[in-house]
Amino acid sequence: MYVMRCSKDDNFKEGRLSRFANIEISPSAGVLNYGQGIYEGTKANRTEDGRILLFRPDQNATRMMHGAERLCMPSPSIQQFVDAVKETVFANKRWIPPPGKGSLYVRPLLVGTGPILGLAPAPEYTFLVYASPVRNYFKEGTAPLNLYIDEEFVRASPGGAGGVKTITNYAPVLKAISRAKDRGFSDVLYLDAVNRKYLEEVSSCNIFIVKGNRISTPAISGTILQGITRKSILEIARDHGYQVEERAIPVDNLGDADEVFCTGTAVGVAPVGSITHRNRRIEFKTEGSLICKELYSTLVGLQTGRIEDKKGWTVEIH
């Protein structure tokens with residue numbers, strides 16, 4: 001794993017690789033008491049000809065900088081972040097699964113490790129990067145997801161931190177996920193906190209709806225995470241000639257959708273077979289010629305070097 005530290009009013013300088021191990025931390029660390037932490041997620045893939053590719057790590061670095069600013073934390077520069085990810089992946093390259101068998105998931109973390117008793121930014125910060133080989137995120141694999149709209153819980157509210165990848169966005173959704181899984185669903189689709197009528201996102205991925213040639217996804221408004229897979233799929237869809245729109249999507253629009261799918265680093269592009277809302281189950285097309293499969297094929301082709309990258313999205317690790 002890669003570790004780099006800095007104090008509150010300083011900049012990150014030199015980091016180093018060390019064996020994956022526990023870290024020692026003060027009981028009064030800012031991250032333990034006040035949740036001052038953000039994380040990222042990206043993947044390294046092995047190509048058929050043996051190369052190792054990262055996908056848009058600069059976007060993760062930019063998002064971490066944005067989140068750090070929101071939580072009053074110093075952050076690594078884009079170059080420091082990308083270099084740290086590259087070093088971590090190279091040091092763990094034997095753990096990267098063969099092509100088609102999975103990826104090496106890379107988890108950069110930025111946390112307030114310095115001790116602070118009063119509610120204030122921590123005096124010291126730790127940036128670390130570790131990795132693990134992974135297969136599919138959902139146990140159904142590529143089977144369509146069955147989502148549940150839970151109207152009791154919301155994921156984020158206007159003026160909050162839903163638009164940044166803070167660690168505090170994730171523990172609160174565990175209860176909703178657990179409840180949905182007990183009822184046989186894959187995950188929860190959240191509605192907006194104000195009107196409880198507009199689609200926001202799933203616990204750990206963004207949502208898209210398809211009607212004819214039009215692909216829609218909820219607009220970024222401060223409550224929705226700016227997914228890097230989301231951003232990439234929007235661009236790929238435009239390249240494929242689809243009409244793409246980012247807008248407020250009323251939950252009532254779901255009944256008109258031909259297809260629904262989710263996007264995220266962990267899930268890739270996952271088709272949604274059904275969404276259940278107020279005891280009504282709405283089903284979507286999951287067989288035959290699917291737009292989400294077409295887009296996913298292009299995305300994975302770029303990520304794994306099967307399709308030539310003319311966008312400069314992939315970074316090769318030597």
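We're numbering straight along the sequence, starting at 1.
Remark: D252 CG to K197 NZ distance equals 7.0 Å, nearest 0.5 Å. The OG1 atom of T113 lies 4.5 Å from the CD atom of E124; values are rounded to the nearest 0.5 Å. Atom CE of M64 is separated from atom CD1 of I78 by 12.5 Å, given to the nearest 0.5 angstrom. With values rounded to the nearest 0.5 angstrom, L110 atom CG is found 10.0 Å from E40 atom CD. With rounding to the nearest 0.5 Å, the separation of OG in S216 from CG in L199 is 10.0 Å. Summarising the geometry, atom CG belonging to L299 is positioned 9.0 Å from atom OG1 belonging to T263; distances are rounded to the nearest 0.5 Å.
With hydrogens and angles disregarded, a donor-acceptor distance shorter than 3.5 Å links the side chain of R46 to the backbone of K93. Checking side-chain atoms of N92 against main-chain N and O of S132 turns up no donor-acceptor pair under 3.5 Å. Remark: the backbone N or O of S274 is not paired with any side-chain donor or acceptor of R281 at under 3.5 angstrom. A donor-acceptor distance shorter than 3.5 angstrom exists from the side chain of D309 to the backbone of T314, with no hydrogens or angles considered. Looking only at distances, no side-chain donor or acceptor of Y125 sits under 3.5 Å from a matching main-chain atom of M4. Q36 contributes a side-chain N or O that, together with a main-chain N or O of L71, makes up a donor-acceptor pair within less than 3.5 Å. Side-chain atoms of E259 come within 3.5 Å of backbone N or O of I291 as a donor-acceptor pair. Between the N206 side chain and the L225 main chain, a donor and an acceptor come within less than 3.5 Å of each other. Although no hydrogens or angles enter the test, the distance criterion places no donor-acceptor pair under 3.5 Å between the side chain of D192 and the main chain of V154.
Remark: of the listed residues L189, V210, V272, T286, V272 is the sole one forming a side-chain contact (heavy atoms from CB on, under 4.5 Å) with V260. Shown are T229, T42, I228; of these, the side-chain contact (heavy atoms from CB on, under 4.5 Å) with R56 is made only by I228.
Nearest heavy-atom pair across I116 and P123 is CB-CD, 4.2 Å. Scanning all heavy atoms of the two residues, the minimum distance from V269 to C292 falls at CG1-O, 3.8 Å. A pairwise comparison of heavy atoms in S204 and D187 identifies OG-OD2, 4.3 Å as the closest pair.
Taking 4.0 Å as the cut-off between side-chain N and carboxylate O, R155 and E201 count as a salt-bridged pair.
Q303 and K43 share no side-chain donor-acceptor pair at under 3.5 Å. Counted by atom type alone, T217 and E246 present zero donor-acceptor pairs between their side chains at under 3.5 Å. A donor and an acceptor atom, one from each side chain of R70 and T166, are nowhere located under 3.5 Å apart. There is a side-chain donor-acceptor pair under 3.5 Å between Y170 and K165. N45 and T304 are not linked by any side-chain donor-acceptor pair at a separation below 3.5 angstrom, with hydrogens and angles left out of the test.
Counting heavy-atom neighbours within 6.0 Å of E283 CD, excluding the residue itself, gives a total above 12. For CZ of R107, the number of neighbouring non-hydrogen atoms (other residues, nucleotides, ligands) closer than 6.0 Å is greater than 12. Within a 6.0 Å radius of CG in L117, other residues, nucleotides and ligands contribute 12 heavy atoms or fewer. The 12-atom threshold is not exceeded at CZ of F90, counting heavy atoms of other residues, nucleotides or ligands nearer than 6.0 Å. Annotation for K231: atom NZ does not count as buried by contact number, only 12 or fewer foreign heavy atoms lying within 6.0 Å. No more than 12 heavy-atom neighbours from other residues, nucleotides or ligands sit within 6.0 angstrom of NZ on K175. Heavy-atom contacts from other residues, nucleotides or ligands closer than 6.0 Å to NZ of K13 number more than 12.
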- Query: Passes side-chain contact (heavy atoms from CB on, under 4.5 Å), V89 versus L104? Steps please.
  - Reply: CA-CA 8 Å; V89 170; L104 185 74; 4.2 Å; yes
- Give the C-alpha distance, both sets of side-chain angles, the deciding distance and a yes or no for side-chain contact (heavy atoms from CB on, under 4.5 Å) between F153 and R179. CA-CA 11 Å; F153 299 109; R179 226 161 58 163; 3.4 Å; yes
- Task: Evaluate the criterion salt bridge (charged side-chain N to carboxylate O under 4.0 Å, His left out) for residue pair E151 and R196; output intermediate values, then yes/no.
- Result: CA-CA 7 Å; E151 293 194 319; R196 303 286 177 102; over 6 Å; no
- Query: Taking it one step at a time, do K311 and D239 satisfy side-chain contact (heavy atoms from CB on, under 4.5 Å)?
  - Reply: CA-CA 11 Å; K311 296 177 178 293; D239 292 346; 2.7 Å; yes
- Between R183 and D150, does a salt bridge (charged side-chain N to carboxylate O under 4.0 Å, His left out) hold up when you go through it step by step? CA-CA 12 Å; R183 295 172 182 169; D150 192 325; 5.3 Å; no
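Aromatic pair Y296/F261: ring centres not closer than 6.0 Å.
The same ILVMFWY cluster, assembled from side-chain heavy atoms under 4.5 Å apart, contains both F81 and V106. One hydrophobic cluster, built from ILVMFWY side chains closer than 4.5 Å, holds both L54 and I96. Taking hydrophobic clusters as Ile, Leu, Val, Met, Phe, Trp and Tyr residues chained together by side-chain heavy-atom distances below 4.5 Å, V164 does not share a cluster with Y39. One hydrophobic cluster, built from ILVMFWY side chains closer than 4.5 Å, cannot hold both V194 and Y190; they sit in different ones. Linking ILVMFWY side-chain heavy atoms closer than 4.5 Å, directly or via other members, places V244 and L295 in a single hydrophobic cluster.
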